[in-house]
Trainee: 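Sending over a structure as structure tokens; questions will come in a sec.
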Amino acid sequence: MINVLFFGPVVERTGSAALKIEFMPGMTLQILRDELAEKYPRAFEIVSLAAVNGQHVRDFSIPLIDNSEVTFMAKFSGG
Amino acid sequence: MINVLFFGPVVERTGSAALKIEFMPGMTLQILRDELAEKYPRAFEIVSLAAVNGQHVRDFSIPLIDNSEVTFMAKFSGG
Amino acid sequence: MKDAVRIQEEDFSQDEEITALKTSSQRMGGIATFLGCARDFSEGREVSRISFEAYGSMALSEMKQLRLDAIEKFKLLDARIVHRICTVTAGDNIVFIAAGAEHRAPALEACRYMIDELKERVPIWKKEITPEGDAWVSPHP
Amino acid sequence: MKDAVRIQEEDFSQDEEITALKTSSQRMGGIATFLGCARDFSEGREVSRISFEAYGSMALSEMKQLRLDAIEKFKLLDARIVHRICTVTAGDNIVFIAAGAEHRAPALEACRYMIDELKERVPIWKKEITPEGDAWVSPHP
């Protein structure tokens, strides 16, 4: 399973803060993103950042590992 | 009378913190400076700033007015 | 003594943070701080309250890394970062950054670096609660 | 409330100064501060204590003008400057500068401007008291 988390402005558009997505061998961050963007198009309009296991990831071609925690995030506005 | 004040590192070299100097018509800051520098050459080695009545003065050719408070100061080291 | 990097609901005391910062060295000649506060207006709209949400575990680890980066980059003697996650009203404290160095220039530069980087790197989102409704804040591009 | 610009013997509280600064506006989003402290080493020499002397009336009027200059130049909402004149030991507070603005950039820039200008414009002198004797400090040219 991939544990997907959403926060703040993204949750407002997905309606849920956490999802479990079936892990598939060969799954990349990009594949997961596209799958979720199809399901939640309005949320992904404002997604501009992603993290895997709490680390910023810029290269979406990285393969995911089973049981990873993946977050798709809107631009930060803290501070 | 011109009231001359010295502070900190300058007092250490003049031996006194305040002097009264006879006012003379036509006296400029430069004339006063030269008179004092002759009397306290070691002190004036470190004098690099002057103030008249608590205002920075850069142009030493200004005429002094009787009863002014004049200060010859070493570079500041506060803060 | 409280941790140098924290996410917390409650307010903080600057005197306490500075005292803690100073304990790390007797050679600290300059301490620069930045305090971010809630304003009652934003882009012309009246704001009643601001609420914050964080991806807590990642936010804390990014803040810790940011502190270490600043210490190394500016040769600081110590640094602290505190961010509140809660709902605040005008005048309330939100974020506190402190940088201590032997001299003033690196302390001031590091303080600016940390608040600028915090806004880029740390997963925290702000929602403005106004009389006309709530809105998540989009930072300027 | 204490004056925004002061020369005093006693220590000050940053919490108190920041609280005073904030009272001037509910639109203050960023507050930058600089705190200068006594160090136990200076140019490789061990320093036991530092004592300060000021041309008091001129120092205070220069500090007041400096605050007004910073408020105008950086469009600050408020600013404060406090300098202690006394004898301090390592770790003690010497000078405090605070700048409050709507946004962080002017607050940070004004804070730097004020401490840099203070050192140039305000007639205060520092004497370092070391085990080898006392010496007035000459700032770097």
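Numbered from 1 within each chain, the chains take letters A, B, ... in sequence-line order.
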Trainee: Answer with side chain, backbone, both or neither: which region of Ala54(C) has an atom nearer than 4.5 Å to a non-hydrogen atom of chain A?
Mentor: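 It is the backbone, since no side chain atom gets that close.
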Trainee: Mark yes when over 12 heavy atoms from residues, nucleotides or ligands other than Glu9(C) sit less than 6.0 Å from its CD; otherwise mark no.
Mentor: no
Trainee: Could you name the residues of residues 97-106 of chain C that have a heavy atom within less than 4.5 Å of a heavy atom in chain A?
Mentor: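 Interface residues of residues 97-106 of chain C: none, nothing closer than 4.5 Å to chain A.
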Trainee: Against chain C, label Leu5(A) side chain, backbone, both or neither, depending on which of its atoms sit under 4.5 Å from a heavy atom there.
Mentor: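 Leu5(A) touches chain C through side-chain heavy atoms alone.
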Trainee: In terms of heavy-atom proximity below 4.5 Å to chain C, should Ser48(A) be classed as side chain, backbone, both, or neither?
Mentor: neither
Trainee: Can you see which heavy atom on Met73(A) is nearest to which on Pro123(C), and at what distance?
Mentor: SD-CB, 4.0 Å
Trainee: Just checking Ile65(A): does its CD1 atom have more than 12 heavy atoms from other residues, nucleotides or ligands closer to it than 6.0 angstrom?
Mentor: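 No, because the 6.0 Å sphere around CD1 of Ile65(A) holds 12 heavy atoms or fewer from other groups.
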Trainee: Heavy-atom pairs under 4.5 Å with chain A are the metric here; pick the option from Ile115(C), Ile50(C), Val122(C), Leu118(C) that has the most.
Mentor: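 Going by pairs under 4.5 Å, I would pick Val122(C).
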Trainee: Can you tell me which portion of Trp125(C) sits under 4.5 Å from chain A's heavy atoms? Options are side chain, backbone, both or neither.
Mentor: both
Trainee: Looking only at heavy atoms, what is the nearest atom pair of Gln55(A) and Met58(C), with distance?
Mentor: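 Looks like C-CE, 4.3 Å.
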Trainee: Under a 4.5 Å heavy-atom cutoff, which of Phe34(C), Phe52(C), Tyr55(C) has the most pairs with chain A?
Mentor: Tyr55(C)
Trainee: Between Phe76(A) and Lys119(C), what is the shortest heavy-atom contact and its length?
Mentor: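 Looks like CB-O, 3.7 Å.
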Trainee: Restricting to non-hydrogen atoms, name the atom on Gly54(A) and the atom on Ser61(C) that form the minimum distance, rounded to 0.1 Å.
Mentor: O-OG, 4.4 Å
Trainee: For the interface with chain A, which of Arg121(C), His83(C), Arg84(C), Gln65(C) has the highest count of heavy-atom pairs at distances below 4.5 Å?
Mentor: Arg121(C)
